[in-house]
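Keep in mind it's a predicted model, so treat the numbers as computed, not measured. So that the names make sense, note that chain A is the first sequence line, chain B the second, and so on, each numbered from 1.
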Amino acid sequence: MRLATWNVNSIRARVDRVTDWLQRADIDVLAMQETKCSDQQFPTMPFAALGYDVVHCGFNQWNGVAIASRVGIDDAQVGFDGQPTWGDTDVEAAAEARALGATCAGVRVWSLYVPNGRFVGSPHYAYKLEWLAALRETAQRWVTDDPALPIAMVGDWNIAPTDDDVWSVEAYRDSTHVTPPERDAFRAIVNAGYADVVRPFTPGPGVYTYWDYTRLAFQKRRGMRIDFILGSPAFADRVTHAEIDREERKGKGASDHAPVVVDLSD
DNA sequence: ATGGTGGACGTTCCA
């Protein structure tokens, strides 16, 4: 089974590019983030035409996560137990449904869009840390409750876990994505039993998954590694290969993130 | 070209 994660930065703006890539890259299950549309607006037809079922959760023009699978989708679930929500109204709470889980061919896949945090000290930054702490708590329970279940938590984590994962430490001084509390939160999830299964196949430094649209960042190789596939032991044991498809960051109409891919043995 | 790009929404906010 080949599983991928991709922050697509609007599925409606990029559906052709995404479905073309799904076919070309022979992907079985794709987790998407930043779909930037409502459930009604999600373009399911182009996926269905290629044999993919889709589950989606999105309520505003910024968030939105989806899973497309051609090996079936069971037990789809929006949000994880204890997930904190932002704001008081129903719409705001729903918009913070940044996690979508589904079982695909026996593998539990979570498409995650970790809060950005905006800037250090903002309420959004505090919320990011709360959200990550709640995820760690729940994810730790998943892996202890059923160690035999392969679980993958994939997506845009909005954290560069080490200095090797940013093009310039100086450029990101005092910025979100690199602060010790964010890195501690990421490490805590790894320590709860979820390994970065891509890194062994893509050693750094200088290996990234995201490049800003501005200032020719991609051409100048100024990026960050913030998109991850974290796997429980039962998942990690099955990983045979992984890669970051930076070719998809090239050309007109690219997302600012590249897809990240893993292969699993049967 | 002197703060850059891209998307959704709506004349601005978010990443």
* Structure fact -> Per nearest nucleotide of DNA chain B, the residue lying toward the 5' end, A:Thr35 or A:Asp256, is A:Thr35

* Want to settle it: does A:His257 or A:Arg12 sit nearer the 5' end of DNA chain B, counting the closest nucleotide to each? -> A:Arg12

Using the [atom1] atom in both, what is the distance from [N] to [M], to the nearest Å?
N      : M      : atom1 : value
B:dG4  : B:dC9  : P     : 23 Å
B:dT12 : B:dA1  : C1'   : 23 Å
B:dG10 : B:dC14 : C1'   : 14 Å

* Determine yes or no for a side-chain-to-main-chain donor-acceptor pair under 3.5 angstrom, with A:Thr176 supplying the side chain and A:Phe119 the backbone. => no

* Determine yes or no for a side-chain-to-main-chain donor-acceptor pair under 3.5 angstrom, with A:Arg249 supplying the side chain and A:Ala258 the backbone. => no

* **Electrostatic pair A:Glu243-A:Arg2, nearest N-O below 4.0 angstrom** => no

* Salt-bridged, A:Asp165 to A:Arg199, with N to O below 4.0 Å? -> yes

* Kindly compute the distance separating CZ (A:Arg225) from CG (A:Asp164), expressed to the nearest 0.5 Å. => 8.5 Å

* First and last nucleotide of DNA chain B touching chain A, 5' to 3', heavy-atom cut-off 4.0 Å? -> B:dG4 to B:dA15

* How far apart are the C-alpha atoms of A:Glu34 and A:Asn7, what are their side-chain angles, what is the distance that settles it, and do they pass the side-chain hydrogen bond (donor to acceptor under 3.5 Å, both in side chains) test? -> CA-CA 6 Å; A:Glu34 281 203 80; A:Asn7 179 324; 2.9 Å; yes

